[in-house]
Structures are given as structure tokens and as C-alpha cells.
Amino acid sequence: MRTLGKKIAPRVLYALTAAAGALSLLGIVLLAVAGGTITQLQGATAPLWLLEGLYALGLALLCCTAVLAGLRRSAVRPCPPGLRAVLWCAVAGAVVLLVNAPLAHLGRQLLRGDYLSVLATEMDPVSLGAGIALLRLYLIAQAVVGVWALGKLLGRGLAAPPSAGSRLGRWLSRVSTAGGQRAVVLSGFGALLLGSLILCGALLGRTRVDLTDGLQPVFYGESGAGMAYVDQPPLPDTEDRRTADFWRGVGYEVTPSEGLHNGDPVQVRVVYDSAAARRARIQVSRASRTFSVQGLTERYRTPEDLPPAITDLSDRESRSLIKKNLRYLSAAGDFAYDRERELVKAQKVASYLMKSEPGGYNSDRYVALYQVTVRGQVKEESSYRTAQQDFYYYTELGGVDSDFVAGAAQVTGRYFSRRDEVHSLDQACAKVEAAFSTYTPVRATQSGQKT
């Protein structure tokens, strides 16, 4: 390993460091162009493709530099300060890029168009902004180091120098001195500082706006077929024409917006004209947010899933209706009761959850079937005899879902008449199901049947 380390020339390490600095300068430009694409999640662009390739190339270059510089340091004792600086700068740069791996992953998801899950589970807006800021600081620092390495490289002579009489030869001779190297480094640092000041000056005076502040999508419908939209908020009151033009061009996109269940994540993305934002001196700090679907109507699957608020109300109102409608029994049986008619018992023998078409306009209904036993006096010539007979009576209650309101509910019912020819429970159940032919009947099991 020591022999291999001695073969690594210092100019190779300086050349690799200078190349990393050149990539950093390119990265600063690309990040300035594609930074909005990342923070606003606007999909793939050419600068973003270049940034992803630059990230992979820069990480490979820094790892290679760190390995070669480590071998050189272990083989040459004492190691010159310049080579130690190359080693530690390469290690620090590789660490910074590895720390920003989630940011690079988000970029790849943007290029594939599948970024919603990454934003919801791996990258929150605070981490996103911090990662981009850290990456910018690293790129500036790496560019400065690259300029310094270029000065060291030129001082050692990368290639055969041109003639001393030429302008390039005279410039290289001055750069070869220690003062010349310091001048190169300071010039590079000054150029970076000037560029940073120009960039900051371009951003000064801009109003930072979070376009998702106070945003709340509207969810409606039933779970499984829910829909979402965003109400257009009122335009801000402003006398500035450019600002008003910007706000008039703001729109909202909800993804997905149909077929929603409670608990599903949806992303609201604010669409705006970036050119209008620049003219209005507006800097958009956030243009998308993820929300969790809530408030959609939940439908019950079986009668056993119904809460007591529904079944108890049906039982109570059904028994009241059975007593009130005893006077109509003369048309329901095979004979009439002449006097002393009384209710012996009313037993619930079956119940249904009648399910309407999913996403339709009709609500589900709870239907209860009762076997009603009535006793009365029947006149035969000059005397009366006691008679007793069973009848079937069913009630229905609409609006059966998670939005059920007992105060607005109404229970209705009817007896089967003689024309229905209902003499058994099976016949009664068949008649009930036929009466709700446009629904899907779900009958309660015997174990879940209340009496």
C-alpha cells in the first residue's frame, strides 16, 4: 500500500480537487435554476436531470479523491499541509453529499413523477429547505477549495509551460510563485463572494409567500367514492397591478380528487405563473401540501354493524306503530275482529340492511320484520268467541350511515294484506326483499337478531 501511495502524484490529487470545484460551480448554477422545481414539486426539468447526474459524479469523484489522498498520506511522512487539506476536504464533501441523499432521492422521484409518497413519508418542507441550504453552502465551499487546488496545480506545472515570452507564460510564471497562488485563491473567492452578493441582491425586496397557508380542501361524498376540491379564496386587496395579476393567475390542483376513502393522503398543489411572481417581486416559499381525507360518509356493511342509536330508535318507533295500526288489521287477516281486540305480542323475527348503489342518491335503509299476535272477539250468530292470529308487519328507517341524525329520522311501516298471501316467515321475508328490489339486501344473522 505504501508503494502504491508513493506512485500517486500530488498533481493528480490537486487535479481531482479542481475538477470537484468545477462541478460545484456548475452545481451552484443548476441549483439556482432547478431549486424552485424541487421545492414546488413541479416535475422533471433538464436542470434537474443534470443535477442528479452531477450528484452521482461528484460523490464518486470525492470518494476517489479521499481514497487516493489517504493512500498518499499513509505512504509519505510527513504529509504536506496541502495534501492533508485535499484529504479532509474530500472526506467532508463526501459526507455532506451522503447526508443529502434523501434530497437526491426526492429529485429522482420527481423525474419519475412519483413524489407524493416520498414527500408524505420521507421529506417534510423543513428538511427539504435545510437540505437545499446545506447543499448550497457545500457547493460554495467546494468551489473555493477547487480554485485553491487549481492554483496549486498551476504552480506545480500541469503541462509543459509555454514560452516565457508569451502572455500566458508570463502569467503562469507569476502564478507559480506563492504570492501568485494566493492571488488566484483570493480572486476565486472574490468572484464567488461577488456572485453571492448579486444573487442575494436579486432576492432582496421580495415578499415570501406560503401559497398553502390557510388552505383546506373540501371533501364530500361517501368513503370509497369521495371527491375533493379547493374553493378559490378571495383575492387579496391590493392596488399594485402586478401583484393583482399574480393572484389572478393562481389555481389549485388536487391529486387524487376522486375515489377517495377516509384517511387517504391527497396533495394540493398551487399552480401559479412564475414570471408573474418575478414581476410582482414575490418569492413563493411553499406551493404544495399533503392533507388526509376526512369527513366522508361511512356506510355500514351489515345490520350487526349498526350503532344502538339506529336500532333502538327503530325498535321503539316500530312497536309504537304496531299498536297504533291495530285498527287496520281487519283487512290483514282471514277474518275480522268485532270487539276487544288486543295485542298479545310483537316479536322482531328478521332485520335487513338494504344497501343502495355505491355513490348513488339513495341512502341505505334499515328494515325490521315483526310477527304480531293479536287476540279478539269474533261474532258467530248470537254469541262471540275468542280468536287469535299472527300477522306480519315491517318497518323501514332511512338515512342509515355515519351521518345519521336521530332527530331527523322517520320510521314508517305496513301490514301485509290478504292479497299478499303471507302465511309464514319465509313468505314474509320474500315479500320484504321484493319491496326493496332496487337495493341489495343484507339480512342479520340469527345470533345478531334482537327480539
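Since the model is a prediction, treat every value here as computed from it, not as a measurement. Quick note: numbers below take in every heavy atom, side chains included, and nothing from hydrogens, waters or symmetry partners. The residues of the chain are indexed from 1 along the displayed sequence.
- Looking at heavy atoms from C-beta onward, Leu211 lies in side-chain contact with Val209 at the 4.5 angstrom threshold.
- For the pair Phe404 and Gly399, the tightest heavy-atom approach, listed with the atom from each and the gap, is CD1-O, 3.3 Å.
- Between the Thr65 side chain and the Leu61 main chain, a donor and an acceptor come within less than 3.5 Å of each other.
- Annotation for Gly259 and Asp264: closest pair O-OD2, 4.4 Å, computed over non-hydrogen atoms.
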(request) Check the pair Thr17, Val145 against side chain to side chain contact (heavy atoms under 4.5 Å, CB included), reporting the backbone distance first and the verdict last. (result) CA-CA 7 Å; Thr17 305; Val145 173; 3.6 Å; yes
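- Rounded to the nearest 0.5 Å, atoms OH (Tyr366) and CE (Met354) are 11.0 Å apart.
- Side-chain N/O atoms of Tyr352 and Glu433 include a donor and acceptor closer than 3.5 Å.
- With hydrogens and angles disregarded, a donor-acceptor distance shorter than 3.5 Å links the side chain of Asn262 to the backbone of Leu296.
- At least one donor-acceptor pair closer than 3.5 Å links the side chain of Arg319 to the backbone N or O of Ala346.
- A 4.5 Å side-chain heavy-atom check between Val218 and Val230 finds every atom pair outside the cut-off.
- With hydrogens and angles ignored, the 3.5 Å screen pairs no side-chain donor or acceptor of Gln267 with any backbone N or O of Val254.
- Remark: side-chain polar atoms of Asp231 are not paired, donor with acceptor, to backbone N or O of Pro233 under 3.5 angstrom.
- Salt-bridge check for Asp210 with Arg289: passed, with a basic side-chain N closer than 4.0 Å to an acidic carboxylate O.
- With hydrogens and angles left out, the side-chain atoms of Thr297 and Asp403 include a donor and acceptor closer than 3.5 Å.
- For Val411 against Leu321, the heavy-atom pair with the smallest separation is O-CD1, 3.5 Å.
- A distance of 11.0 Å separates CD in Glu304 from OG1 in Thr311, rounded to the nearest 0.5 Å.
- With no hydrogens or angles considered, no side-chain donor-acceptor pair links Thr395 and Glu317 at under 3.5 Å.
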(message) Between Leu353 and Thr302, is the side chain to side chain contact (heavy atoms under 4.5 Å, CB included) condition met? List the steps.
(response) CA-CA 6 Å; Leu353 179 60; Thr302 66; 5.6 Å; no
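- Remark: side-chain polar atoms of Gln232 are paired, donor with acceptor, to backbone N or O of Val250 under 3.5 angstrom.
- Residues Tyr300 and Val442 have side chains not in contact (no heavy-atom distance under 4.5 Å, counting atoms from C-beta outward).
- Between the side chains of Arg299 and Ser356, at least one donor N or O sits under 3.5 Å from an acceptor N or O.
- Checked against the 6.0 Å centroid criterion, the rings of Tyr229 and Tyr252 do not qualify as a close aromatic pair.
- Taking all atoms of both residues into account, the shortest heavy-atom contact from Leu397 to Gln410 is CD1-O, 3.6 Å.
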(message) Would Tyr439 and Lys355 count as a side chain to side chain contact (heavy atoms under 4.5 Å, CB included) here? Give the steps.
(response) CA-CA 5 Å; Tyr439 292 77; Lys355 300 180 71 66; 5.9 Å; no
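- Val293 has its side chain out of reach of His261: every pair of non-hydrogen atoms, C-beta onward, lies at least 4.5 Å apart.
- In this structure, CD in Gln142 is found 9.0 Å from CG in Leu23, a value given to the nearest 0.5 Å.
- The CH2 atom of Trp247 lies 13.5 Å from the CG atom of Asp273; values are rounded to the nearest 0.5 Å.
- Annotation for Lys431 and Val422: closest pair CG-CG2, 3.7 Å, computed over non-hydrogen atoms.
- Looking at Ser318 and Asp315, their side chains never bring a donor and an acceptor atom within 3.5 Å of each other.
- For the pair Leu369/Cys429, a side-chain contact is recorded, criterion being any heavy-atom separation below 4.5 Å from C-beta on.
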(message) Evaluate Ser351 against Val367 for side chain to side chain contact (heavy atoms under 4.5 Å, CB included), listing each step before the verdict.
(response) CA-CA 6 Å; Ser351 61; Val367 177; over 6 Å; no
(request) Report the C-alpha separation of Asp245 and Arg248 in whole Å, then their side-chain angles, then the decisive distance to 0.1 Å, and conclude whether the salt bridge (Lys or Arg N to Asp or Glu O under 4.0 Å) test is met. (result) CA-CA 5 Å; Asp245 290 342; Arg248 278 194 292 267; 2.3 Å; yes
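- In terms of modelled atom types and a separation under 3.5 Å, the side chain of Arg241 and the main chain of Thr243 share no donor-acceptor contact.
- Atoms OG and CD, from Ser402 and Glu298 in turn, are 6.0 Å apart once rounded to the nearest 0.5 Å.
- Residues Tyr394 and Tyr370 have side chains not in contact (no heavy-atom distance under 4.5 Å, counting atoms from C-beta outward).
- Asp426 and Ser424 are not linked by any side-chain donor-acceptor pair at a separation below 3.5 angstrom, with hydrogens and angles left out of the test.
- Separation of atoms OG (Ser274) and CD1 (Ile282) is listed at 12.0 Å; rounding is to 0.5 Å.
- Here the closest heavy-atom approach between residue Ala149 and residue Ala18 is recorded as CB-N, 3.8 Å.
- At least one side-chain heavy atom of Leu68 sits less than 4.5 Å from a side-chain heavy atom of Leu16.
- Side-chain atoms of Ser257 never come within 3.5 Å of backbone atoms of Ala228 as a donor-acceptor pair (strictly under, hydrogens ignored).
- Counted by atom type alone, Tyr392 and Gln371 present one or more donor-acceptor pairs between their side chains at under 3.5 Å.
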